[in-house]
**Q** 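Sharing a structure with you now.
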Amino acid sequence: MTIKHYLQFSDLTLSEYEYLIERARIIKQKFKNYEPYHPLLDRTLVMVFEKSSTRTRLSFEAGMHQLGGTAIYLNTRDSQLGRGEPIEDAAQVMSRMSDIIMVRTFGHDIIERFAAYSRVPVINGLTNEHHPCQVFADVFTFIEHRGSIKGKTVTWIGDANNMLYSWLQAAEVFGFHVNVSTPKGYDIDLRLVSPDHSHFTRFDNPADACEGAHLVTTDVWTSMGFEEENAARKKAFANWNVDTDKMRRAAPDALFMHCLPAHRGEEVTAEVIDGPQSVVWDEAENRLHVQKALLEYLVKGVV
Ligand code: CP
Ligand code: NVA
């Protein structure tokens with residue numbers, strides 16, 4: 001039997017996303033109505049964290065509980081992973097005791113190796129190269145606020161990081177365009193994008209990238225695992241912030257998104273992130289709802 005993993009945004013098709021978006025809407029409504037819904041009764045999610053987290057842990061743990069199941073939190077420090085147990089061995093053991101596993105780790109190769117040895121579905125809770133659950137929540141949030149994202153323009157300002165690569169995959173799946181502006185020396189790694197580059201355009205000037213955009217989004221200048229580069233990045237990224245001048249270049253009803261945690265005064269001004277175009281709290285909340293739909297789908301299939 002082939003197991004369906006969710007390691008990258010491109011692991012699901014448009015029709016699967018359409019199904020999941022509908023499920024997420026229904027599951028969200030049940031949550032808002034305090035209506036119990038326990039399709040994963042007696043099922044267990046194992047969560048492996050090799051990096052810090054607030055939203056990802058909370059949304060998966062609360063989500064699994066709300067679906068009637070249990071979530072177990074493991075981190076590198078307190079498990080044998082921190083003492084050198086091979087990832088392949090950990091995957092075999094964990095997947096014999098659980099129904100689904102979420103992993104947050106460093107290199108994407110680690111989660112691929114883990115998935116190859118897992119008997120149960122594996123979800124990417126963030127790697128250095130991808131953060132599909134967050135971008136799924138963001139696409140869902142855009143659709144909730146503005147309707148279809150097909151044909152729209154999303155502007156990415158800042159680092160070519162895990163969030164950007166997941167946005168670029170989402171653009172191919174959903175049929176929208178990404179305007180990307182990264183500082184010199186922090187360009188897109190073309191090995192991480194598909195050979196068809198028609199779904200994104202690169203801009204040297206971050207303000208020009210915002211022209212007419214329906215959504216402007218950014219992320220931290222220094223992602224987890226790159227902390228030693230922090231001082232150099234602060235200098236290089238100084239102009240790659242989202243402020244009101246850049247938002248003025250976007251469409252008048254443009255949304256602002258940030259996966260959080262944010263650094264006000266660095267990649268985004270307080271005026272923008274705390275302003276009327278920002279939907280960052282909806283994005284964070286929607287992690288819960290889309291991941292519940294994903295957990296249900298990966299464990300039980302179409303219901
Ligand atoms: N956005 C996101 O994944 O947040 P955490 O790092 O807090 O999980
Ligand atoms: N790009 C950030 C996202 C955090 C949710 C990081 O990888 O640290």
Side-chain angles (χ1 to χ4, degrees), residues 3-11 44-65 69-137 159-167 169 189 191-192 219-230 233 258-263 284 287-288 290-291 294-295 298:
I3 304 156
K4 193 176 259 307
H5 301 298
Y6 188 57
L7 306 186
Q8 304 189 28
F9 198 93
S10 58
D11 285 345
T44 303
L45 165 72
V46 171
M47 306 184 295
V48 180
F49 281 92
E50 300 216 81
K51 291 175 175 171
S52 306
S53 170
T54 297
R55 279 145 289 270
T56 302
R57 177 180 178 180
L58 184 57
S59 53
F60 272 107
E61 193 163 333
M64 195 62 191
H65 177 73
T70 302
I72 297 172
Y73 171 80
L74 296 175
N75 65 30
T76 314
R77 198 184 52 245
D78 303 329
S79 70
Q80 298 291 6
L81 281 171
R83 299 179 63 253
E85 180 164 22
I87 202 81
E88 293 82 358
D89 293 2
Q92 298 201 61
V93 171
M94 289 177 196
S95 68
R96 284 183 180 226
M97 301 188 196
S98 63
D99 300 281
I100 187 158
I101 300 173
M102 187 239 80
V103 178
R104 168 168 284 195
T105 187
F106 292 87
H108 196 72
D109 60 301
I110 299 170
I111 202 169
E112 280 177 345
R113 281 162 48 212
F114 189 101
Y117 283 83
S118 172
R119 289 184 168 193
V120 300
V122 176
I123 298 177
N124 183 350
L126 182 147
T127 57
N128 288 351
E129 293 86 354
H130 300 279
H131 197 5
C133 292
Q134 181 68 56
V135 172
F136 182 20
D159 193 19
N161 65 14
N162 40 20
M163 282 296 297
L164 172 61
Y165 293 115
S166 291
W167 270 113
Q169 291 191 350
D189 180 345
R191 291 169 304 180
L192 295 178
D219 189 10
V220 291
W221 290 340
T222 305
S223 286
M224 292 180 279
F226 297 84
E227 288 79 4
E228 73 286 358
E229 298 176 15
N230 200 26
R233 284 171 170 269
H258 189 310
C259 66
L260 306 174
H263 299 80
R287 290 289 301 277
L288 175 70
V290 302
Q291 287 165 196
L294 187 64
L295 288 165
L298 294 180

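All figures in this text were calculated on a predicted structure; none of them were measured in a lab.
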**Q** Of the non-hydrogen atoms in Ile101 and Ser118, which two are nearest, and what is the gap between them?
**A**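 Smallest interatomic distance, heavy atoms only, reads CD1-OG, 4.1 Å.
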**Q** Side-chain donor-acceptor pairs under 3.5 Å in residues 86-94, sequence neighbours left out?
**A**
unit_1	atom_1	unit_2	atom_2	d
Glu88	OE2	Arg113	NE	2.8
Glu88	OE2	Arg113	NH2	3.4

**Q** Test side chain to side chain contact (heavy atoms under 4.5 Å, CB included) on Met102 and Arg57; report intermediate values, then the result.
**A** CA-CA 9 Å; Met102 187 239 80; Arg57 177 180 178 180; over 6 Å; no
**Q** Would you say the side-chain atoms of Ser95 pair up with the backbone N or O of Arg119, donor to acceptor, closer than 3.5 Å?
**A**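 Yes, because the side chain of Ser95 sits within donor-acceptor range (under 3.5 Å) of the backbone of Arg119.
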**Q** Under a 3.5 Å distance rule, please check whether Asp99 uses its side chain to pair with a backbone N or O of Thr44 as donor and acceptor.
**A**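 Yes; judged by distance alone, with no hydrogens or angles, the pair exists.
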**Q** Closest approach of Thr56 and His131, non-hydrogen atoms and distance?
**A**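 It is OG1-CE1, 4.2 Å.
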**Q** Please lay out, stage by stage, how Ile123 and Leu295 fare under the test side chain to side chain contact (heavy atoms under 4.5 Å, CB included).
**A** CA-CA 9 Å; Ile123 298 177; Leu295 288 165; 3.9 Å; yes
**Q** Between the side chain of Asn162 and the main-chain N/O of Thr127, is any donor-acceptor distance below 3.5 Å?
**A**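 The answer is yes, because a donor-acceptor pair under 3.5 Å joins these two groups.
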**Q** Of the non-hydrogen atoms in Arg104 and Gly125, which two are nearest, and what is the gap between them?
**A**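 Nearest pair, atom of Arg104 first, then Gly125: NE-O, 2.9 Å.
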**Q** Looking only at heavy atoms, which two atoms of Val122 and Ala115 are closest? And how far apart?
**A**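 Nearest heavy atoms, Val122 then Ala115: CG2-CA, 3.9 Å.
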**Q** Relative to each other, are the rings of Tyr73 and Phe49 parallel, tilted or perpendicular (30° and 60° limits)?
**A**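 Tyr73 vs Phe49 ring planes: tilted.
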**Q** Counting distance only, does the side-chain N/O of Glu85 pair as donor-acceptor with the main-chain N or O of Gln80 below 3.5 Å?
**A**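 Flag not set: sc Glu85 to bb Gln80 has no pair under 3.5 Å.
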**Q** Among all residues two or more places apart in sequence or in another chain, which pass the ring-ring contact (aromatic ring centres under 6.0 Å, His included) test with Tyr117?
**A**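 Applying ring-ring contact (aromatic ring centres under 6.0 Å, His included) to Tyr117 gives none.
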**Q** Can Glu50 and Ile110 be said to form a side chain to side chain contact (heavy atoms under 4.5 Å, CB included), step by step?
**A** CA-CA 11 Å; Glu50 300 216 81; Ile110 299 170; 4.3 Å; yes
**Q** When you measure from the side chain of Asn230 to the backbone N and O of Glu227, does any donor-acceptor pair fall under 3.5 Å?
**A**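 Here the side-chain-to-backbone pair does not exist.
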**Q** Can you name the nearest heavy-atom pair linking Glu129 to Gly107, along with the distance?
**A**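 It is OE1-C, 3.7 Å.
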**Q** Is the backbone of Leu164 close enough, under 3.5 Å, to the side chain of Asn161 for a donor and an acceptor to pair up by distance?
**A**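 Between the backbone of Leu164 and the side chain of Asn161 there is a qualifying donor-acceptor contact (under 3.5 Å).
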